[in-house]
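As structure tokens, the structure follows; a few thoughts come after it.
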Amino acid sequence: MSTPTKPGKQTLKLEEALAEIGLSRAAFYRMRARGQAPRHLKLPNGQIRIRRADLDAWFDSCEVREAC
């Protein structure tokens with residue numbers, strides 16, 4: 001279940017985002033260390049949230065265009 005925020009600012013818990021894109025927590029943290037993870041928010045309690053728009057944009061940027 002996504003976290004309620006302002007309209008148009010839907011956020012996902014880290015576990016929700018990782019389940020959606022099929023990525024493990026360890027892989028996410030490795031990608032984060034290399035600056036390759038989706039943009040995310042770190043809350044004061046240490047939890048991570050990812051905006052729906054940021055996750056979609058990151059996933060779209062992973063698209064590979066094959067040469068014909």
Side-chain angles (χ1 to χ4, degrees):
M1 170 156 236
S2 59
T3 305
T5 57
K6 297 178 187 175
K9 296 280 187 176
Q10 180 187 24
T11 61
L12 303 170
K13 293 180 180 179
L14 181 58
E15 295 79 19
E16 295 170 332
L18 296 178
E20 185 173 319
I21 60 177
L23 199 63
S24 71
R25 180 181 282 270
F28 172 82
Y29 282 107
R30 283 192 303 269
M31 292 175 70
R32 182 179 174 198
R34 293 189 303 250
Q36 298 173 332
R39 287 182 55 184
H40 54 279
L41 307 166
K42 187 169 182 182
L43 302 179
N45 64 3
Q47 293 181 359
I48 293 177
R49 298 287 189 271
I50 300 176
R51 288 187 186 105
R52 162 58 58 197
D54 291 336
L55 182 63
D56 291 343
W58 174 84
F59 201 64
D60 288 345
S61 74
C62 293
E63 182 176 347
V64 176
R65 298 190 181 193
E66 298 293 327
C68 295

What pairs of donor and acceptor atoms, side-chain ones from residues 38-46 against any protein atom, are under 3.5 angstrom apart with sequence neighbours left out?
residue, atom, partner, partner atom, Å
H40, ND1, P38, O, 2.9
H40, NE2, R32, NE, 3.2
N45, OD1, Q47, N, 3.0

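Contact annotation: the side chain of K13 approaches that of R49 to within less than 4.5 Å [non-hydrogen atoms, C-beta and beyond]. In this structure, the side chains of I48 and Y29 come closer than 4.5 Å at one or more pairs of heavy atoms.
Closest of all the heavy-atom pairs between L55 and E20 is CD2-OE2, 4.0 Å.
Applying the side chain to side chain donor-acceptor pair (under 3.5 Å) test to pairs two or more places apart or on separate chains, those with a residue in residues 53-64 are R52-D56.
Here the CZ-CG distance, from F59 to L23, works out to 10.0 Å after rounding to the nearest 0.5 Å.
A search for side-chain contact (heavy atoms from CB on, under 4.5 Å) contacts involving A26 returns S24, R30, not counting sequence neighbours.
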